[in-house]
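This report refers to the structure that appears directly beneath it.
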Amino acid sequence: MAKIGVIANPSAGKDIRRLVASGRLISNQEKANIISRFISGLLSKGVRDFYFMPDKSGLCKPAIENYRDQININFLDTKFYDGPEQTLIAASLLNDIKCDCILVLGGDGTNRLVAKKINKIPLIPISTGTNNAFPLMIDPTIAGIATGFFVNLLRGKKKYLIRNPYISVKVDENEKDIALIDLAISKQNFVGSKAIWDPEMLEELFLTKSSPLSIGLSSIGSRVLSTNKNKGLRIIFGQQGKLIYAPIAPGLISTLKVKHWSYMNPDEIIKIEKLSGTIALDGEREIEIFGNNKIEISYKKSGPYIIDIIKSIKQDNLSQN
Amino acid sequence: MELTKETQIHMLKRMWTIRNFEIKVMEVHKAGEFVGPAHPYIGEEAVAVGVCSALKDTDYIAGNHRSHGHPLAKGGSIKKAMAEIYGKVDGYCNGNGGSMHLADFSVGILGESGIVASSVPVATGAGLASKLRKKDFVSVVFFGDGASNQGACHESMNLASIWKLPVIFVCENNQFAITTSYQDSVAVDNVSDRAPAYNMPGVLVDGQNVEAMHEATAEAVKRARNGDGPTLIEGLTYRFEDHSLGLGRVTKGEYRSQEEIDKWKERDPIDIHTKKLIERGTLSESECKEIENNSIEEIEEAVNFARNSEFPKPENLFDSMWANPIPKP
Ligand SMILES: Cc1ncc(C[n+]2csc(CCOP(=O)(O)OP(=O)(O)O)c2C)c(N)n1
Ligand SMILES: [Mg+2]
């Protein structure tokens with residue numbers, strides 16, 4: 001029987017970008033509702049085994065109450081952890097039990113944490129965060145049906161999976177972290193409330209993708225270069241640069257001066273020295289860096305898989321004819 | 001925004017002042033040097049210090065029952081605060097108020113109150129004063145997760161929003177109201193989730209991270225001074241000690257586990273900040289230790305000041321009842 005993991009970040013979409021930009025607020029009631037709808041889709045395909053990350057807000061409660069007699073409920077033992085640590089622990093537990101796929105509710109940041117721990121387990125990332133270049137904007141009912149069809153009949157078929165690239169960062173030769181969409185180097189000298197919204201602070205930006213429809217830092221890419229599926233993008237900001245504007249946060253359209261832009265080849269190592277400030281991963285300042293740190297950044301193709309919901313649902317529809 | 005070294009160091013100093021003040025208060029309360037309740041702020045220092053370090057002396061704050069930390073963070077006198085807790089004439093309210101009444105208008109401390117949520121309308125009123133008198137000061141109120149459920153709190157936020165008052169509502173979500181978990185008493189998951197209902201921005205901030213609290217407050221201050229209205233900031237934090245001194249019957253284990261307390265103590269706001277300052281080279285380990293030691297000395301002086309001060313005389317009890325002279329409207 002297929003095992004489905006559920007990781008829902010109760011704090012996604014609540015940070016300072018509600019104050020400094022016009023970030024939306026997705027209430028936890030709505031997050032709970034999304035989980036219920038996703039499960040209804042899976043149930044229609046006979047999938048019953050669920051492994052939830054417990055959270056104090058009880059995001060899973062309504063789903064469990066609605067489907068108590070129809071699903072097998074398991075809670076992951078994440079002990080007393082909460083916040084990002086809990087997400088990391090939950091993801092590695094799901095990896096240990098070899099679950100078949102994981103529903104992730106959050107934004108780019110939440111998916112980044114999950115991606116670090118799950119090897120090849122495919123994700124179904126549904127957007128409840130602020131900047132959502134990685135997650136899908138899709139109704140969870142449909143995502144549930146498609147996932148059910150996938151785990152029953154299409155499992156292991158590469159055609160129905162999408163592999164995502166990522167950016168890796170090393171500091172002084174130590175593997176430090178990853179970003180799924182964007183890695184930015186900011187002049188800001190502290191992590192604080194994490195988000196990035198002041199264009200003056202940006203030094204460099206590395207992207208795995210950029211679509212004209214993206215919001216957040218990744219929106220900058222498509223304004224200087226057309227994206228190439230097999231390459232990353234590097235952008236350097238500076239006073240004598242091309243003037244562009246981009247929506248770097250919801251409702252926040254900023255003017256930026258771009259000095260240099262280029263593609264990044266897979267596995268090519270870009271070395272950066274003598275910069276101090278912070279490295280932001282998927283829109284959140286995470287790592288403080290100092291002038292004496294040696295930073296290495298590379299674009300990698302072997303990142304997390306997600307289920308191709310559109311192909312899977314089309315296949316499901318065909319199978320009914 | 002960048003954080004200057006001065007601000008980073010100032011924040012460490014203020015957090016140590018509060019921590020050691022509270023440790024001392026617990027010690028002397030146990031020894032019977034003063035009576036009555038006192039609510040330790042240990043574990044939550046980053047909220048008061050992060051917020052107050054983003055304010056000017058001319059900005060106002062109001063607190064609640066757990067309010068030794070707020071006035072100390074705002075720059076109030078340690079000696080006067082300690083003397084007030086001892087109930088001595090050299091205290092902030094001449095010893096008539098005690099632990100829950102540390103007011104000092106000269107550095108923008110409007111005062112506190114033991115009536116849960118009652119300072120929220122007071123601070124909102126100060127915001128109205130700022131607007132009516134066309135001043136540029138902002139007003140901040142600290143209140144708990146428990147207080148967030150009180151009518152006065154909802155009414156104040158609604159008023160502040162419709163009148164676009166320069167008020168910053170800082171909910172210190174330490175996750176309990178005495179023994180009741182906020183999970184069981186707050187209908188939404190985060191107090192900041194309520195902000196859209198008042199048509200104001202709501203932000204959830206890591207209350208153990210003094211720099212995160214500072215940054216969120218600085219942005220809310222900008223918005224308030226700009227005339228754009230109030231903000232609700234929720235600092236998620238944890239009370240390391242019992243609810244109040246002298247409440248022996250409300251013991252630790254009954255409503256929260258030791259494991260949970262220990263887990264949160266790993267996220268001590270002072271440790272988190274100290275580690276950063278050392279990593280950045282802002283301060284050395286021994287300089288950080290010196291700040292800690294200096295604050296212990298400072299508190300010792302304050303305790304001696306309080307011990308040596310007199311109790312107020314019964315015949316003076318009504319002296320501070322009314323303003324003198326009574327100001328004209
Ligand atoms: C109006 C009112 N009701 C009840 C009390 C008793 N009381 C004192 S503190 C407290 C809990 C307050 O909890 P919270 O607002 O979360 O603040 P915390 O103590 O956690 O800092 C209560 C119920 C009171 N002082 N005032
Ligand atoms: Mg509380």
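For the numbers below, each heavy atom of this structure counts, side chains included, while hydrogens, waters and symmetry mates do not. Every chain is numbered from 1 and lettered A, B, ... according to where its sequence line falls, protein lines coming before strand lines.
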Rounded to the nearest 0.5 Å, how far apart are CG of B:L236 and OG of A:S11?
7.5 Å
So how far is it from B:M213 CE to A:S193 OG, rounded to the nearest 0.5 Å?
10.5 Å
Between A:D198 and chain B, which part of the residue has a heavy atom less than 4.5 Å away: side chain, backbone, both or neither?
side chain
Using non-hydrogen atoms and a 4.5 Å limit, figure out which bit of A:K194 sits close to chain B: side chain, backbone, both or neither.
backbone
For [X], is it the side chain, the backbone, both, or neither that has a heavy atom closer than 4.5 Å to a heavy atom of chain A?
X: B:M1; result: both
X: B:A187; result: backbone
X: B:V188; result: both
X: B:A220; result: both
X: B:E2; result: both

Got more than 12 heavy atoms from elsewhere within 6.0 Å of [atom1], [X]?
X: A:K176; atom1: NZ; value: no
X: B:E260; atom1: CD; value: yes
X: A:N74; atom1: CG; value: yes

Decide salt bridge (Lys or Arg N to Asp or Glu O under 4.0 Å) for A:E288 and B:R280; before the verdict, give the C-alpha distance in whole Å, the side-chain angles of both, and the deciding distance to 0.1 Å.
CA-CA 8 Å; A:E288 288 187 14; B:R280 287 175 194 158; 2.5 Å; yes
Might you point out which heavy atoms bring A:R18 and B:P201 nearest each other, and give the distance in Å?
O-CB, 3.4 Å
Among B:N190, B:L204, B:L3, B:V203, which residue has the highest count of heavy-atom pairs closer than 4.5 Å to chain A?
B:L3
The test is salt bridge (Lys or Arg N to Asp or Glu O under 4.0 Å); show your working for A:R285 and B:E211 and say whether it passes.
CA-CA 13 Å; A:R285 281 170 277 155; B:E211 297 182 336; over 6 Å; no
Are any non-hydrogen side-chain atoms of [X] and [Y] less than 4.5 angstrom apart?
X: A:L25; Y: B:P196; result: yes
X: B:N209; Y: A:F190; result: no
X: A:F80; Y: B:E266; result: no
X: B:E234; Y: A:K14; result: no

Select, from A:V20, A:L19, A:D15, A:D82, the one with the greatest count of heavy-atom pairs under 4.5 Å involving chain B.
A:L19
